Amino acid sequence: MKISTYVRHLREGFRSMIRNGWMTFASLSSIGISLFILGVFVLLTTNVNYIAENVESQVEIRVYLTLDIEETQVNKIWNDIGSIEGVDRVTFVHKDEGLETLRLTLGENWIEGFEGDNNPLMHSFTVQVANPEEIAHVADRIMALNETNEPAPIDEIDYGAGTVEDLFAISNLVNNVGLVLVVGLAITALFLIANTIRLTIMARRREIGIMKLVGATNGFIRWPFFIEGAFVGVVGAAIPLGILLYGYYRLASAPRDSLSFMSMIELKPLEDIMLPLTILLIGLGILIGVFGTLLSVRKHLKV
Amino acid sequence: MIEMQDVWKTYPDGTHALRGITVKVDSNEFVYVVGPSGAGKSTFMKLIYREERPTKGHIFVDSFNLAKLKKRKIPYLRRNIGVIFQDFRLLPKLTVAENVAFAMEVIEAPTKLIRRRTVEVLDLVGLKDKRSSYPSQLSGGEQQRVAIARAIVNNPAVIVADEPTGNLDPETSMGIMRLLEEINLRGTTIVMATHNRDIVNSMRKRVIAIEDGTIVRDQLRGDYGYED
């Protein structure tokens with residue numbers, strides 16, 4: 001096909017999109033809304049996975065010692081934990097240090113009156129594990145130290161058991177719910193586009209007849225319809241894409257000075273998300289547009 | 001140029017439009033197809049540009065064997081046939097020049113050639129000055145001239161005209177006929193279905209009369225032969 005013919009088809013497809021006015025608007029909206037929701041779910045899943053991976057790589061065991069533990073016993077336990085297989089590093093956190101950390105995160109007012117001997121916190125160890133998957137096993141071994149030492153030195157162990165698993169479960173749920181919603185909406189969009197194209201074909205029936213009489217090939221007649229469909233798809237995808245990227249940018253760069261939910265999680269950087277999201281939405285937009293056109297062209301355009 | 005061998009056409013509703021037509025039209029001929037309404041004239045014309053398929057028999061147009069012509073090859077047959085109708089069939093949203101150029105865009109002719117050739121044929125039909133007008137701004141005779149310009153713009157071997165003067169007054173009709181005759185003299189075969197006895201009688205050509213789906217008369221320099 002010649003370039004001038006391509007230009008003609010582009011022009012015709014675009015003209016027809018404008019002429020169809022409200023139907024084009026309806027198709028654009030339904031593609032836009034379904035791709036917007038898809039985008040939201042994709043971003044959610046991506047970030048839940050991202051956070052889950054972050055958490056997984058950061059897992060550590062907090063070992064809280066009993067309040068009235070002796071200094072010598074602390075040193076012995078320190079050694080014992082260090083010699084457990086799979087333990088990478090053991091850090092001792094003095095209860096004064098713990099209080100200082102709290103002061104920094106919660107503010108001065110919260111810890112007033114708890115200094116010195118009034119400190120309600122316990123000494124603790126932070127244990128890094130070489131392999132996150134062994135964390136439960138290592139925690140059990142540390143807990144077992146209570147049986148070999150007298151008096152039992154360990155008050156509590158905390159290693160975020162199940163947190164990572166929970167995150168992955170949430171991510172799966174989000175995936176499935178999103179998929180069902182998006183498929184439903186995409187089918188709606190598909191039929192709306194098919195209908196728009198059907199209207200175009202009806203309106204141009206006479207013109208198509210004349211084209212056939214002067215020797216236009218089927219391809220020549222069909223092309224503008226596909227361009228119209230693809231165009232609706234691209235524009236329908238570009239709008240939610242813009243909104244999503246801008247919204248994400250604002251969210252990711254929001255100030256983290258307050259003690260809000262947002263300050264506790266770190267979003268995947270925008271640069272990592274921009275390209276895949278663009279390809280996904282625009283690609284799906286074109287696909288829906290062209291496939292919707294195909295439905296109509298096959299059924300109504302007997303050329 | 002056009003050859004039909006024992007062609008039958010029965011429509012799905014059972015109407016026998018043509019019953020065994022055998023005819024041959026040579027290059028450069030000018031042929032009138034006459035006959036009462038519903039005799040099969042239109043079907044005869046439609047078979048030539050493959051709007052309809054024969055139920056039985058063989059049709060050859062130019063180098064095409066229509067019985068064996070695949071559906072997707074039909075456009076290439078039609079590029080060799082210019083069609084003209086009683087109702088003009090112009091595209092209302094396009095100007096005169098665009099309507100003519102349209103037929104060349106369809107066959108993907110080079111843009112420069114389209115521009116040159118469009119002016120050329122509009123000059124031939126005498127509408128060069130109206131090239132920027134829209135069909136609705138033209139008289140019936142002028143619209144038919146545009147249709148003729150479009151029909152000849154790709155230099156077809158054959159022109160099939162189905163009652164081209166059906167909607168026009170006698171004077172305008174004669175103008176259209178002179179134009180068709182001129183095109184015929186330049187080497188294009190013309191097959192024209194008509195009800196216009198004055199034209200057939202004053203501009204003598206070969207006359208093929210069809211009645212009840214069969215050819216009842218085929219006469220060189222014939223007359224119309226029917227009382228109105």
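We name chains A, B, ... by the order of the sequence lines, and we start the count at 1 in each one. The structure presented is a predicted model; accordingly, all values stated were derived computationally and were not measured.
For B:Ile74, no part lies under 4.5 angstrom from a heavy atom of chain A. Using a 4.5 Å cut-off between heavy atoms, B:Pro156 does not touch chain A at all.
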* Go through the steps to decide whether A:Phe220 and B:Ile107 satisfy the test side chain to side chain contact (heavy atoms under 4.5 Å, CB included), and finish with yes or no. => CA-CA 9 Å; A:Phe220 188 90; B:Ile107 66 163; over 6 Å; no

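Other residues, nucleotides and ligands place more than 12 heavy atoms under 6.0 Å from the CG atom of B:Leu185. Residue A:Phe291 places its CZ atom among 12 or fewer non-hydrogen atoms of other residues, nucleotides or ligands, all under 6.0 Å distant.
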Which donor-acceptor pairs lie under 3.5 Å between chain A and chain B?
| unit_1 | atom_1 | unit_2 | atom_2 | d |
| --- | --- | --- | --- | --- |
| A:Lys2 | N | B:Glu108 | OE1 | 3.1 |
| A:Lys2 | NZ | B:Glu108 | O | 3.0 |
| A:Thr5 | OG1 | B:Glu108 | OE1 | 3.2 |
| A:Arg8 | NE | B:Glu105 | OE1 | 3.4 |
| A:Lys212 | O | B:Arg78 | NH1 | 3.2 |
| A:Gly215 | O | B:Arg79 | NE | 2.8 |
| A:Gly215 | O | B:Arg79 | NH2 | 3.0 |

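The CD1 atom of A:Ile210 sits 9.0 Å away from the CZ atom of B:Phe85 when rounded to the nearest 0.5 Å.
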